[in-house]
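A quick write-up on the structure given underneath.
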Amino acid sequence: MTVKAVAKPRWQPSPLLIRILSGGAILFAFLALLLAGEWGIRVLVVVVGGLALWEFRGLSHKIGFRAPSWLIFPLGAYFAFSGTLLKRVDIELVLSLALVVGLAAFLILPERRGGLGRWAMGLGGAIYIGLPFNYYLLLYASAPRDGMAWILFTILAVVVSDTAALLVGRAVGHTPFFQGISPHKTVEGAVAGILLCAPVMLLGSVTGLEIGPLHAVVIGLLIGLSAEVGDLVESQMKRVAGVKDSSNLIPGHGGVLDRIDSLLFPPILV
């Protein structure tokens, strides 16, 4: 009688381990480029912004009006660098071309039905993703001595806000918060996420940012509020598109937009 050897199951990493490893690798690359200075920040804008625009284009397709690549990518790049590298390019000229050429193109393209919706998606996606990156670049350029500190503390405040909202929401959260958009969010978690941004910016005011304590608290609360709104806006987009994540680019995390949604609105208010 022959006894067959039983093959041992191959080891597979757990989803949590995959999430930790991929998150750590991305964090390392992000900090390395961020601390490399101006050129590193520009590389981040091009890579992260480009991937976010690509994901938005995919979401828009599932929503029903696919943003045209020939519109969303050039416009997104322009809006991202409109205050720095491309500040000499007249914004009225760019918007006029986007209006006239962009809409006129759908008169001759095969997919003329829904052309207005596709144009609106292309323009809206470029503004939604491009302008926040422009504000981060302006934040860095307009504050020569502490521009990097402003960026780091803004991002840190958003990370603390997201973490606090998640942990407090799981621990003591009972009141639904925009349940139709994000079923797991609670009012208690959202409030904690907003309030805990204040001590982060207070820390920044005594370690590198040239602002007073009251100013720091107000900015912290604004960052927390705008981070919550940014997260809800992207969640609504995914719900309308009928997807869980913006893409599967980051193992264990979803897409780039899923990771930066809370970071898009804060620099506009800072």
Side-chain angles (χ1 to χ4, degrees), residues 15 18-19 22-23 26 44-80 98 102-103 105-106 109-134 158-159 161-162 165-166 169 176-187 189-190 193 225-268:
I18 293 175
R19 184 180 179 88
S22 62
I26 291 173
L44 271 176
V45 169
V46 171
V47 174
V48 178
L51 291 174
L53 287 169
W54 174 76
E55 290 180 347
F56 180 90
R57 182 175 177 273
L59 288 176
S60 69
H61 179 61
K62 291 181 172 65
I63 290 172
F65 297 101
R66 177 172 51 85
S69 298
W70 51 265
L71 182 64
I72 190 171
F73 287 109
L75 272 183
Y78 169 75
F79 285 127
L103 281 177
F106 288 104
L109 291 178
E111 299 179 19
R112 284 177 290 181
R113 186 181 180 119
L116 182 60
R118 293 189 61 198
W119 173 83
M121 278 292 186
L123 180 59
I127 294 173
Y128 169 58
I129 294 168
L131 273 185
F133 282 107
N134 175 57
V158 173
V159 171
S161 176
D162 286 345
L166 176 64
F177 185 65
F178 285 93
Q179 191 172 21
I181 298 176
S182 187
H184 301 295
K185 281 190 176 296
T186 64
V187 172
L225 181 61
S226 58
E228 290 284 352
V229 173
D231 181 64
L232 287 169
V233 166
E234 201 247 351
S235 295
Q236 174 72 331
M237 290 181 187
K238 292 187 293 185
R239 183 160 291 272
V240 174
V243 296
K244 181 179 180 291
D245 299 315
S246 58
S247 77
N248 296 314
L249 279 176
I250 308 174
H253 290 269
V256 172
L257 263 180
D258 298 323
R259 300 278 62 82
I260 69 169
D261 53 2
S262 300
L263 291 167
L264 291 177
F265 294 167
I268 299 174

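Note: hydrogens, waters and symmetry copies are ignored here, and every other heavy atom, side chains too, is used.
Interatomic distance, Phe178 CZ to Lys185 NZ, rounded to the nearest 0.5 Å: 10.5 Å. Remark: Met121 CE to Leu116 CG distance equals 11.5 Å, nearest 0.5 Å. Going from atom CZ of Phe56 over to atom CG of Leu51 covers 15.5 Å, rounded to the nearest 0.5 Å. For the atom pair CD1 (Ile72) and CZ (Arg118), the distance works out to 11.0 Å, reported to the nearest 0.5 Å. Atom CD of Glu55 is separated from atom OG of Ser60 by 12.0 Å, given to the nearest 0.5 angstrom. The structure places CG of Leu71 at 7.0 Å from CZ of Phe106, a figure rounded to the nearest 0.5 Å.
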**Q.** Stepwise side chain to side chain contact (heavy atoms under 4.5 Å, CB included) check, Tyr128 with Leu257
**A.** CA-CA 11 Å; Tyr128 169 58; Leu257 263 180; 4.2 Å; yes

Q: Let me see the working for Leu131 and Phe79 under side chain to side chain contact (heavy atoms under 4.5 Å, CB included), right down to the final yes or no.
A: CA-CA 5 Å; Leu131 273 185; Phe79 285 127; 4.2 Å; yes

Q: Using the side chain to side chain contact (heavy atoms under 4.5 Å, CB included) rule, take Leu75 and Ile127 through it: C-alpha gap first, then chi angles, then the decisive distance, then the call.
A: CA-CA 8 Å; Leu75 272 183; Ile127 294 173; over 6 Å; no

Q: Before giving the answer on side chain to side chain contact (heavy atoms under 4.5 Å, CB included), spell out for Trp54 and Ser247 the whole-Å C-alpha distance, their side-chain angles and the decisive distance to 0.1 Å.
A: CA-CA 9 Å; Trp54 174 76; Ser247 77; 4.1 Å; yes

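The two residues Trp70 and Ala105 come nearest to each other via the heavy atoms CH2-CB, 3.6 Å. Between Gly193 and Ser161, the shortest heavy-atom contact is O-OG, 3.0 Å. Closest of all the heavy-atom pairs between Ser182 and Leu232 is CB-CD2, 4.3 Å. Across every non-hydrogen atom of Pro74 and Ser69, the tightest pair is CD-O, 3.5 Å. Closest of all the heavy-atom pairs between Gly50 and Phe73 is O-CE2, 3.8 Å. Nearest heavy atoms, Val187 versus Pro176: CG2-O, 3.6 Å.
Panel note: side chain Arg57, backbone Ala67; a donor-acceptor pair is recorded below 3.5 Å. Looking at Trp119, its side chain does come within 3.5 Å of a backbone N or O of Ala98 through a donor-acceptor pair.
Looking only at side-chain heavy atoms (C-beta outward), Phe133 and Val48 come within less than 4.5 Å of each other.
Here Asp162 pairs with nothing under the salt bridge (charged side-chain N to carboxylate O under 4.0 Å, His left out) rule; sequence neighbours left out.
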For residues 233-243, dump all side-chain donor-acceptor pairs below 3.5 Å to protein atoms at least two apart in sequence or in another chain.
from	atom 1	to	atom 2	distance (Å)
Ser235	OG	Asp231	O	3.0
Lys238	NZ	Lys244	O	3.3
Lys238	NZ	Asp258	OD1	3.0
Arg239	NE	Gly180	O	2.9
Arg239	NE	Ile181	O	3.1

